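What you see is a predicted model, and the numbers here were worked out from it, not measured in a lab. Read the numbers this way: they start at 1 and go in the same order the structure lists the ligands and their atoms.
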Amino acid sequence: MNMTILDEIKQNKILLADGAWGTFLQAKGLKPGECPELWNITHRKDVLDIAESYLLAGSDIIETNSFGGSIFKLSQYGLGDRVSEINQAAAAISREAAGKKKHVAGSVGPTGKMLLTGDVTEKELYDAFREQAVALEKGGADIIIIETMTAIDEASLAVRAAKENTKCTVIVTMTFTRTPKGEYRTMMGVSPEEMVRSMKEAGAQIIGSNCGNGIEDMTGIVKAIRAADNEIPVIIQANAGLPELIDGKTIFRESPEMMASFVPELIKAGANIIGGCCGTTPEHIREIGRKIGS
Ligand SMILES: [Zn+2]
């Protein structure tokens, strides 16, 4: 890589991330109950096609098909002994599409385990995140993105594991919803301010929010992050609205134009990287990119 993502942000560039992978895989035929990450081995071309679609749409950062790639998630499919292979393959696919000029962000999602209930120990969680992050770097990721987090303790361990065992830039995003009082909290009760404090302490270099209700709430979240810290780069990856179940199909209603219309206020509030989450497509990313460039 010529420049790290942090170098590019320092030049006051607003960067374009990519859109959804999970819903894209479903559109390509991933069945309920199938392991999405195994597609890195069994459906390599389809996964590569997703990465390439986002590059064509203008993304500066391409994620990897490894959101559920921890030993805990893969074990649910009897694939717990293939963590390294599957994550390395995920990163190699995105790197093949991205070449040397664009960034590959290795996706790390929640393990589904809770420290709170004694389900798992801190060491077990840390080791799981380390194993995944190391494999993603080995496959070609220059960034690790820990995303859709709701618990501070799990997110902190993930950030530390990535920071202490790879040379990658570490991004962390948490998922918030708006309370009736108009505040933002994760499912575990974390505020944006608490996220900033704890994630910086753990070593995160870029902080933000992903998934959730839709792009409209993201401006308030960016403002809350910026009120807590005026320096740290901020990433926003919103869903294309709330998922709705229609005729047994999950639909996301926010159009590319609708989502892109929020880009100027997100940038004004202090966002440095903008992309999409569930339900967003290359068309959404292209429109968001157009607005960033305008
Ligand atoms: Zn999402």
Side-chain angles (χ1 to χ4, degrees), residues 16-28 30 32 34-37 39 47 50-51 53-54 57 59 61-70 73 90 94 105-112 132 143-151 154-155 158 171-178 184-188 190 192 195 199 206-222 225 234-246 249-256 258-260 262-263 266 271 273-288:
L16 183 62
D18 62 2
W21 283 71
T23 42
F24 206 148
L25 286 165
Q26 285 158 17
K28 282 186 168 294
L30 177 78
E34 232 184 305
C35 174
E37 291 75 22
W39 272 43
V47 180
I50 296 178
S53 309
Y54 284 124
S59 297
I61 304 163
I62 301 293
E63 292 202 23
T64 58
N65 178 33
S66 57
F67 181 77
S70 68
K73 287 286 182 189
S94 292
S107 168
V108 173
T111 58
Q132 194 181 0
I143 297 168
I144 302 293
I145 182 163
I146 296 148
E147 45 184 6
T148 327
M149 287 285 163
T150 59
E154 184 180 21
I171 303 180
V172 62
T173 57
M174 297 187 92
T175 303
F176 298 94
T177 47
R178 190 155 38 111
Y184 297 97
R185 293 288 182 273
T186 71
M187 218 167 60
M188 303 295 287
V190 180
M195 165 180 75
M199 293 306 110
I206 300 172
I207 297 179
S209 183
N210 76 320
C211 218
N213 297 351
I215 200 158
E216 223 170 324
D217 279 332
M218 288 298 192
T219 307
I221 294 169
V222 176
I225 294 171
V234 172
I235 179 168
I236 292 298
Q237 294 191 281
N239 285 355
L242 266 182
E244 293 171 52
L245 203 64
I246 293 174
K249 276 192 129 180
T250 307
I251 306 282
F252 292 87
R253 286 188 190 274
E254 291 183 4
S255 68
M258 185 275 177
M259 286 192 78
F262 282 88
V263 166
L266 280 174
I273 306 171
I274 303 171
C277 200
C278 306
T280 58
T281 63
E283 285 66 45
H284 289 83
I285 295 306
R286 193 170 289 118
E287 275 310 310
I288 290 170

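Residues T148 and F67 are in side-chain contact: their nearest non-hydrogen atoms beyond the backbone lie under 4.5 Å apart.
Under the 3.5 Å distance criterion, with hydrogens and angles disregarded, a donor-acceptor pair is assigned to the side chains of E147 and S107.
D18 places a side-chain N or O within 3.5 Å of a backbone atom of E63 that can act as its donor or acceptor partner.
For A238, the side-chain contact (heavy atoms from CB on, under 4.5 Å) partners are I215, M218, M259, not counting sequence neighbours. For P36, the side-chain contact (heavy atoms from CB on, under 4.5 Å) test picks out L25, L30, N65, Y77, with sequence neighbours left out. Residues satisfying the side-chain contact (heavy atoms from CB on, under 4.5 Å) criterion with T186, sequence neighbours excluded, are T150, M174, F176, M188, V190.
Neighbouring protein atoms of the Zn ion (ligand 1) (N, O or S, distance under 2.8 Å, waters ignored): C211 SG, N239 OD1, C277 SG, C278 SG.
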